[in-house]
Amino acid sequence: MKLERILKNCQSTFTVENFKNINLKGISTDSREIKDNFLFGAIKGKRFNGEKFVKDLLSFKNLIIVLSTKSNLKNYKEYKNTTIIKTDNVRKLIAEISYFFYPKSLNEMVAVTGTNGKTSVAEYVRQIWNIQKKSCCSIGTLGIIYGGKNIHETNLTTPEPHEINRSLSLLSKKGCKKAVFEASSIGLDQNRLFPFKFNKVVFTNLTIDHLDYHKSLKKYKHSKGLLFKNHTHDNSLAIINADSKYSKFFSEICKKKKVEIIDFGKKANFLKIIKIEKLDKLFNVFLSIKKKEFNIFFESFSVYEIYNKICALLVIFGGSLEEKHFQIVKKLKNPPGRIEKINNIKKLNIFVDYAHTPDALKNVLSALKKICPGKLITIIGCGGDRDKSKRPLMTEEALKFSNKIIITDDNPRNEEPQKIRKEMISKIPKQKLIYIKEVPNRKNAIQYSINILGKNDFLLIAGKGHENYQIIRNKKFFFSDKQTVIEFINK
C-alpha cells in the first residue's frame, strides 16, 4: 500500500520531511524487524529509546522513520533516502498507520478490561464462539489463539499495535470473523488499540494494580475508562459488573456517550444474581432476567468464576440471553493457570493460579479455604520493576487464609530478589512471622512445599499460572510451576 494513501486516512497531526510515496511493506517498533520499504516507530519507552537504533537502520532502502516532535536526534536531514515523520504521539500514529495498512474483515470485535478476570472472560467467549462453530480468535495474556492453538506468543496483555493489526490481517485471510481482546490499562493509556471501535466493551472489576505506571488509583481507573470513552460507537454495547464499587464510573461514561448498558450482579438491573448457594462440588445460582427467575448449577471452585462465565454469556447473547443459554456453561473449561488443579500420581491437592494482585489472591484463597479439609499452604512472590505498594498487601491477604506461607521469587527482573521478599514481609507483625518461610529459589520453594503437604492439605502456587518462564535481570529463563510439580512428584 502506498504511503500517501495511508497517511491521508490518519487523523493524527504530523509533519513529513523527505517525502517519498513508497509502497510500504511492513511496520515495526522493533529495529530488528526492519527491512527495505519498512516503517520504524522510534518509541521512547521506560528501558529503551528507539531513537538510539535509527542510525543502524539508515542503510535500508525506502525507509520511513516516525519520530517525536521533541526528538533530540540530529543529522537525519542529510539522509535524503529516508522519509521522516514527526508527531506529538508516536505510539498513537503508529497505531493508526498499522490500522490502515493491515486490511481486516472481522464482523465482531469485543474488548474486556478490569483488574482481574480479563483472561477468563476472553477465553470463555472464545470457547463459546468455537462451540457455535464461529471462526474466532482471542488476543491477550495467553497469546493470540486461533483454532484452539496459540499461534503467537505475546509479551504484553495488549500487544503493540503493529502486532495486533498484522495478526488480525493474517487471521482475516484465514476466515476469522470474530475477535476478543484483553484491554489492559497500560495498553489503553498508550493507545495500542487506537483507532479500533468495539461492538462490545466489558468491565469486570477494579482493584489496586500497576501503580508503578499510573502512580494513583484515579489515573489507573481513568485509563480503564478510555475503553468506554474512546473505543465505542453508536451501536456499541457495554457489559458492566454492577457489584464493583467502581461500576458507576464506567456507567456514567456510557450514558454520556449514549452507549447501551447491560449489567450483571447482585446490584444489577438486567441480570440480577439473587443468591448463590454452595453445595458439595457445585454452586446453585438463583438468577433473574427481565423479572423471570430461575436457578442454574455451576461446577466452579469460586464465585468469581461464576461472574466471569455469566459475563461471557452476556458478551455472546447480549440482551437476548435466556435460561436455555446457560446450558453452554457446562462445556466451558478454565483457562490454563487459572485455579488449575495439577493432576499427579500421588493425588495431592496442588493448584496453580495467575493471581498476582491482592484482590485476585484473596479470591482464589477464600475459594480454596472453603473446600480444603486440611491445611492451606500458599506460595507467593512479587514481580520486580512493578507496583511496590502491593507487596506487603499480597502477604497480608495470604495470611488471612493460609496456615503456611512460602515466600519465593517471581519475576525479579532488575531488582534484587532479597529486597522484594523483604518488602513483602515489611508490615507483618512479628508474632505472625512464624507462619512465613522464605525459600528464594522458586523450584526449591515448590519442592519444599510438596514435601510438607499432607493428604488433606491444599497447596496453591500463585503468581505465574500459565507462564513458562522467569525473568531475572534482562534474561528470560524457562520455568513452569506446573511442570516443576509434575517432575518432582514423578521422581
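By convention here, the first residue in the shown sequence is residue 1.
The closest side-chain heavy-atom distance from Cys311 to Tyr307 is not below 4.5 Å. Residues Lys464 and Val352 are not in side-chain contact: their nearest non-hydrogen atoms beyond the backbone lie 4.5 Å or more apart. Side-chain contact between Asn89 and Leu93: absent, with no pair of heavy atoms (C-beta onward) separated by less than 4.5 Å. Lys44 places none of its side-chain heavy atoms less than 4.5 Å from the side chain of Ser71.
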Working note: His356 + Tyr354, criterion ring-ring contact (aromatic ring centres under 6.0 Å, His included); need CA distance, chi angles, decisive distance, verdict.
CA-CA 6 Å; His356 59 280; Tyr354 190 56; 4.5 Å; yes
Trace of the side chain to side chain donor-acceptor pair (under 3.5 Å) decision for Thr158 with Glu182:
CA-CA 6 Å; Thr158 305; Glu182 290 182 52; over 6 Å; no
Do Ile64 and Ile85 pass the side-chain contact (heavy atoms from CB on, under 4.5 Å) test, and can you show the C-alpha distance, the side-chain angles, and the key distance before you say yes or no?
CA-CA 7 Å; Ile64 305 161; Ile85 302 174; 3.8 Å; yes
Could you walk me through whether Phe351 and Phe301 pass the ring-ring contact (aromatic ring centres under 6.0 Å, His included) test, one step at a time?
CA-CA 11 Å; Phe351 301 82; Phe301 283 110; 5.5 Å; yes
As a quick check of understanding, evaluate side-chain contact (heavy atoms from CB on, under 4.5 Å) for Ile262 and Leu237, giving each step before the final call.
CA-CA 7 Å; Ile262 285 182; Leu237 176 66; 3.8 Å; yes
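Salt bridge absent: Lys258 and Asp234 never bring a charged side-chain N and a carboxylate O closer than 4.0 Å. Salt bridge status for Lys92 with Glu96: absent, with no side-chain N to carboxylate O gap under 4.0 Å. Taking 4.0 Å as the cut-off between side-chain N and carboxylate O, Lys248 and Glu252 do not count as a salt-bridged pair. For the pair Asp481 and Arg442, the salt-bridge criterion is met [side-chain N within less than 4.0 Å of a carboxylate O]. Salt-bridge formation is detected for the pair Arg391/Glu415: a Lys NZ or Arg NE/NH1/NH2 atom is positioned less than 4.0 Å from an Asp or Glu carboxylate oxygen. Between Glu416 and Arg473, at least one side-chain nitrogen of the basic residue sits less than 4.0 Å from a carboxylate oxygen of the acidic one, meeting the salt-bridge criterion. Using a cutoff of 4.0 Å between basic side-chain nitrogens and carboxylate oxygens, Glu160 and Arg91 are scored as salt-bridged.
A distance-only check finds no donor-acceptor pair linking the side chain of Lys266 to the backbone of Ile273 [under 3.5 Å]. In this structure a side-chain-to-backbone donor-acceptor pair under 3.5 Å is present from Asn363 to Asp359. Judged purely by atom type and a 3.5 angstrom limit, His231 uses its side chain to pair as donor or acceptor with the backbone of Phe196. In terms of modelled atom types and a separation under 3.5 Å, the side chain of Ser169 and the main chain of Arg166 share no donor-acceptor contact.
Between Ser167 and Tyr102, the side chains place no donor N or O within less than 3.5 Å of an acceptor N or O (distance only, hydrogens not considered). Judged purely by distance below 3.5 Å, without hydrogens or angles, the side chains of Glu305 and Ser302 pair a donor atom with an acceptor atom. Lys362 and Thr357 form no side-chain donor-acceptor contact under 3.5 Å, judged by distance and modelled atom types alone. If you check the side chains of Tyr213 and Asp387, you find no donor sitting under 3.5 Å from an acceptor. A side-chain donor-acceptor contact under 3.5 Å links Arg338 and Thr119.
Other residues, nucleotides and ligands contribute over 12 non-hydrogen atoms within 6.0 Å of the NZ atom of Lys104. More than 12 heavy atoms of other residues, nucleotides or ligands lie within 6.0 Å of NZ in Lys197, so this atom counts as buried by the packing criterion.
In this structure, Phe228 and Phe203 have perpendicular ring planes: the angle between them is above 60°, well past the 30° mark.
Scanning for side-chain hydrogen bond (donor to acceptor under 3.5 Å, both in side chains) contacts around Asn241 gives an empty result, with sequence neighbours left out. For Phe53, the ring pair (Phe, Tyr, Trp, His ring centres under 6.0 Å) criterion is met by no residue, not counting sequence neighbours.
Taking the ring centre of Phe401 as origin, the terminal cationic atom of Lys370 falls outside the region bounded by 6.0 Å and 45° from the ring axis. In this structure, Lys221 forms a cation-pi arrangement with Phe249, its terminal cationic atom sitting closer than 6.0 Å to the ring centre and no more than 45° off the ring axis.
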Identify all side-chain donor-acceptor contacts of residues 427-438 below 3.5 Å with residues at least two apart in sequence or on another chain.
{"from": "Glu438", "atom 1": "OE1", "to": "Arg421", "atom 2": "NE", "distance (Å)": "2.7"}

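Residue Thr141 is tested with Lys118, His466, Glu467 for a side-chain contact (heavy atoms from CB on, under 4.5 Å); the sole match is His466.
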